[in-house]
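This report refers to the structure that appears directly beneath it.
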There are 2 protein chains.
Amino acid sequence: MASDAGADKARRKGGAATIYDVAELAGVSPSTVSRALGKPGRISAPTEARIRAAAEQLSFRINPMARALHTGRTSTLALVVADITNPVVFDIVRGAESAASAGGYTLVIAESQESSDAEAEAVQRLLPSVDGIILATSRLESDVIRELAAQKPVVLINRAVDGVAAILPDVEEGVAALLTHLHDLGHRSIAFLSGPATSWVSAQRWEHLLEETERRGMGLVEIGPNAPTIDGGREAFRRVRAAKVTAVVAFNDLIAIGLMQAMSSAGVRVPGQMSVAGFDDIFGSELIVPALTTVRSQLGLAGRRASSYLVSRLEDQDATSEEELLATELIVRGSTGPA
Amino acid sequence: MASDAGADKARRKGGAATIYDVAELAGVSPSTVSRALGKPGRISAPTEARIRAAAEQLSFRINPMARALHTGRTSTLALVVADITNPVVFDIVRGAESAASAGGYTLVIAESQESSDAEAEAVQRLLPSVDGIILATSRLESDVIRELAAQKPVVLINRAVDGVAAILPDVEEGVAALLTHLHDLGHRSIAFLSGPATSWVSAQRWEHLLEETERRGMGLVEIGPNAPTIDGGREAFRRVRAAKVTAVVAFNDLIAIGLMQAMSSAGVRVPGQMSVAGFDDIFGSELIVPALTTVRSQLGLAGRRASSYLVSRLEDQDATSEEELLATELIVRGSTGPA
DNA sequence: TTGTATGCGTTATCAC
DNA sequence: GTGATAACGCATACAA
């Protein structure tokens, strides 16, 4: 059915149909075809109908590269993440993909493996073929990011750089709720299991914890840096035990889960002997026993907003370049209890 | 530093540097630049050195679209998955991305949301701009897939279609191990919570279960189809309880987890009153209580192999188009016990 | 409203 | 070994 006699005659041998083939079949010039398909309404209705019919018959698909070569626009967005298997980024990927494709954009994805060099290389490789870039939990230096943003639209997730658009969790709110919760339970001495040394988010969370514990007259120590993984949490166990605190706040849920596993192995009861809380509310936090108390960030929404921002900035010219804060929410589960 | 006087003079105003700019700066013709960068060694050493220096100075990046327009090759692979947030696909995505970028290819990702129409649309949209396609747990009809494979290299994950390359888990092995395990525990009556009606993998697992239970004289009933999600497992609970079996094998871990949650809410003890097992060994299966007995598939490896296959087939001409089986492994944990 | 001519950046086919 | 030139498929300025 896809190979009518007319269609085959009009199509060049081998490759896919082009606007030239469509033009020949419809009896018009290639530019008319281009116009008909590009901006409907600019040509006469009967002609457009003929062209559409011909395109359909040849199952014509526009060649995005040829279009991009002329327009300079690829309708493609890049998403660079540190670690694809980190559950934190799953939701970001999905949100970004769905908003991108809803806007008619394709999403390409690259992984930096927590390495600043690898991230820079991935960005350079992708740069010429995308219209905009989403950097999630970037490990790049601020200057590099600013330089990048000068070349193409950039939006950050979980990272703030002056003058660059960013989608950020409203840490203050979540941290305050968490500390109120812990304070109410009687905890006065807390440890923070920090994330990677280069993590902007970790530094941010630490700052807010410091502020909020001071305000409430609670003690706070930092233990880290730690790899933002389950293993990272496991390895921190001995230092946590040595710290003699009654509650631990981990940089993220993965670290919290690893810590709880190590505690379970060592016979430390949670929350009986030690309360544990995390950040992000990833898949799995609800599954463990006891279920993890955590500060939920709206990662999926962050991904969606990031793509939407780029799309609107690419389509309209007049999009703002502000930081956008996403509310965080304290999810109280079984891993926190009385001191 | 990126803006030497010479560099600025040679670069066209505004856009990125082209081979013309490099050629001008190096004092050669554009075609020589193309050759120097494309196939090193075909031109004289000093000339090539000059060209490389000029390219470096202008921070020249080849324009992939322009190259693709002429060569017809984009150095891009597409990965189409049913549901990005399904933990099963996380590993696939990562494996595919790492092997793709290792081979010099970029990975674009699309989600079909378990819909055959959406999948077909995504494939059509991506088709012109990629060199090859990975279809993970595709919901497309076999004929559609074959037609697609005739246009561009295609590789399937968790799906078999005659004449199309595929990476498949060796279900037989895993299912046999699982049933031996259950049989040894005294189970004689089993229920299978099947996946989506269109899932090739679900049908495959069902077939093997049927075969192996027959061989062992065990009873088997199918309950389904079910959505391959935690909710899907929860919703199946009543039918499972009504079935009066002693063990349940779920299509995947997500369904198994959902079922266990429903059982926990209803006071049904696992594995005391009912044993539960799943497939895939996703992140989270080890976290729940009791930890889930499951047949592990090497999803990450599957993604990696899929990309590698496409890359080698695109680079060499003579890659085989066979099905490749990946060993599965029974992981015994706490959710299965004596009948 | 529609057709003609040109350029986007690269590679490949010729000459030299 | 190197340089001119055509071609890839499309979009647009200009002409009609």
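We use all heavy atoms of the structure for the numbers below, so side chains are in, but hydrogens, waters and symmetry mates are not. Protein chains get the first letters and strands the later ones, always in sequence-line order, with residue 1 at the start of each. Remember, it's a predicted structure, so these values are computed and weren't measured experimentally.
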(message) Both B:Ser31 and B:Met65 contact DNA chain C. Which one's nearest nucleotide lies toward the 5' end?
(response)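 Looking at DNA chain C, the more 5' nearest nucleotide goes with B:Met65.
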(request) Look at A:Thr71 and C:dC8 and indicate whether a side-chain polar atom (N or O) is within less than 4.0 Å of OP1 or OP2. (result)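 False: A:Thr71 side-chain N/O out of range (4.0 Å or more) of C:dC8 OP1/OP2.
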(request) Report yes if a side-chain nitrogen or oxygen of A:Ser34 is closer than 4.0 Å to either non-bridging phosphate oxygen (OP1 or OP2) of D:dA11; otherwise report no. (result) yes
Nearest whole angstrom, please: distance from the [atom2] of [N] to the [atom1] of [X].
X: A:Leu69; N: D:dC8; atom1: CG; atom2: C1'; answer: 9 Å
X: A:Leu127; N: C:dG9; atom1: CG; atom2: P; answer: 15 Å
X: B:Arg61; N: C:dC8; atom1: CZ; atom2: P; answer: 22 Å
X: A:Ile62; N: D:dC8; atom1: CD1; atom2: P; answer: 17 Å
X: B:Lys39; N: C:dT13; atom1: NZ; atom2: C1'; answer: 12 Å
X: A:Tyr20; N: C:dT4; atom1: OH; atom2: C1'; answer: 11 Å
X: A:Glu24; N: C:dG3; atom1: CD; atom2: P; answer: 14 Å
X: B:Arg67; N: C:dT11; atom1: CZ; atom2: C1'; answer: 9 Å

What contact category does [X] fall into here, base, sugar-phosphate, or nothing, at under 4.0 angstrom with non-hydrogen atoms?
X: A:Ser44; answer: sugar-phosphate
X: A:Val33; answer: nothing
X: A:Ile43; answer: sugar-phosphate

(request) Among the candidates C:dT10, C:dC8, C:dT4, find the nucleotide nearest to the side-chain atoms of B:Phe60. (result) C:dT10
(message) Can you identify which nucleotide, out of D:dG3, D:dA11, D:dG9, has its nearest atom closest to the B:Ser29 side chain?
(response) D:dG3
(request) Take A:Pro30 and B:Ala45, find for each the nucleotide of DNA chain D with the closest heavy atom, and name the residue whose nucleotide sits nearer the 5' end. (result)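 Result of the comparison: B:Ala45.
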(request) Would you state whether a donor and an acceptor, one from the side chain of B:His70 and one from the base of C:dT11, lie under 3.5 Å apart? (result) yes
(request) Return yes if the base of D:dG3 and the side-chain atoms of B:Arg35 contain a donor-acceptor N/O pair under 3.5 Å, otherwise no. (result)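 Yes.
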(message) With no hydrogens and no angle check, just 3.5 Å: does a side-chain donor-acceptor pair link A:Arg305 and A:Tyr309?
(response) no
(request) Output all residues satisfying side-chain hydrogen bond (donor to acceptor under 3.5 Å, both in side chains) with A:Ser101, sequence neighbours left out; order by chain, then residue number. (result)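 With neighbours one apart ignored, the set is empty.
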(message) If you count every heavy atom of other residues, nucleotides or ligands that lies below 6.0 Å from A:Glu56 atom CD, does the total exceed 12?
(response)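 Result for CD/A:Glu56: open.
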(request) For the pair A:Arg52 and A:Glu48, find out whether any cationic side-chain nitrogen is under 4.0 Å from an anionic carboxylate oxygen. (result)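 A salt bridge is present here (some side-chain N lies under 4.0 Å from a carboxylate O).
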(message) Check this for me: does any side-chain nitrogen of one of A:Arg94 and B:Asp83 sit under 4.0 Å from a carboxylate oxygen of the other?
(response) yes
